[in-house]
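Structure first, commentary second.
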Amino acid sequence: QVQLVESGGGLVQAGGSLRLSCAASGRTFSNYPMGWFRQAPGKEREFVAAISWSGVHTYYADSVKGRFTISRDNAKNTVYLQMNSLKPEDTAVYYCARRGQAYSDPSYYTSGYDYWGQGTQVTVSS
């Protein structure tokens, strides 16, 4: 059983920064791509960023490109999301997720991930 635990959310003013962390249990973390998604009230969960199992390749939603950076530390079983220049429209619950297939390409879709964290709230005030 894999467990993902997010942390680092909070309240920040527009233009500020936050760094989210997602700690994973299990010995095979480094074999799987990881992703970050978010869900705002009344909206569907949407893709934010993903990273390949090696950490070499990263992918971003257009809405966060140039402002957010995804990274991973396989020695610590942790994936990060550095969020800069935050906007009120970034307000959402942020979830990390593990890709369902080892050594695969990351996915932009929730159906491509089999384990999810409980989420961490990010609120950006204007």
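In what follows, every heavy atom counts, from backbone to side chain, and hydrogens, waters and symmetry copies are set aside.
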> Hydrophobic cluster mates of Y109, side-chain heavy atoms under 4.5 angstrom, ILVMFWY only, any path?
Replying inline: F37, F47, Y59, V93, Y95, Y108, Y113, W116

>> Would the distance check show the side chain of T78 and the main-chain N or O of K76 forming a donor-acceptor pair, the cut-off being under 3.5 Å?
In response: yes

>> If you compare all heavy atoms of P88 against all heavy atoms of A14, which two are closest, and at what distance to 0.1 Å?
In response: CD-CB, 4.1 Å

> What's the verdict on side-chain contact (heavy atoms from CB on, under 4.5 Å) for R72 and F29, showing C-alpha distance, side-chain angles and the deciding distance?
Replying inline: CA-CA 10 Å; R72 66 190 298 161; F29 172 81; 3.4 Å; yes

> So how far is it from I51 CD1 to M34 CE, rounded to the nearest 0.5 Å?
Replying inline: 10.0 Å

>> Test side-chain contact (heavy atoms from CB on, under 4.5 Å) on Y115 and Q1; report intermediate values, then the result.
In response: CA-CA 9 Å; Y115 288 100; Q1 185 73 9; 3.9 Å; yes

>> Side chains of C22 and W36, heavy atoms from C-beta outward: is any pair under 4.5 Å?
In response: yes

>> With a 3.5 Å distance limit and no angle check, can you tell me whether R19 reaches the backbone of G8 through a side-chain donor-acceptor pair?
In response: no

> Closest heavy-atom contact between S104 and P33?
Replying inline: O-CG, 3.0 Å

> Heavy atoms, side chains only, cut-off 4.5 Å: are S21 and S7 in contact?
Replying inline: yes

> Which residue pairs satisfy the side-chain hydrogen bond (donor to acceptor under 3.5 Å, both in side chains) criterion with at least one member in residues 80-90, sequence neighbours excluded?
Replying inline: S17-N84, R38-D90, R67-D90, Q82-N84

> Rounded to the nearest 0.5 Å, how far does CG of N77 lie from OG of S30?
Replying inline: 7.5 Å

> For the residue pair Q39 and A92, what are the closest heavy atoms and their distance?
Replying inline: O-CB, 3.5 Å

>> Among V122, T91, T123, L18, exactly one meets side chain to side chain contact (heavy atoms under 4.5 Å, CB included) together with L11. Which residue is that?
In response: T123

> Hey, which of T120, L81, L20 is the one that makes side chain to side chain contact (heavy atoms under 4.5 Å, CB included) with E6?
Replying inline: T120

> To the nearest 0.5 Å, what is the distance between CG (N74) and OH (Y32)?
Replying inline: 13.0 Å

>> Just so I know, are the side chains of V2 and R98 near enough to count as touching, which here means a heavy-atom distance under 4.5 Å?
In response: yes

> Is there a side-chain contact between Q121 and Y94 (heavy atoms, below 4.5 Å)?
Replying inline: no

> How would you list, by chain and number, every residue that makes a side-chain hydrogen bond (donor to acceptor under 3.5 Å, both in side chains) with N31, sequence neighbours excluded?
Replying inline: Y103

> Is there side-chain contact between Y60 and V48, with at least one heavy-atom pair below 4.5 Å?
Replying inline: no

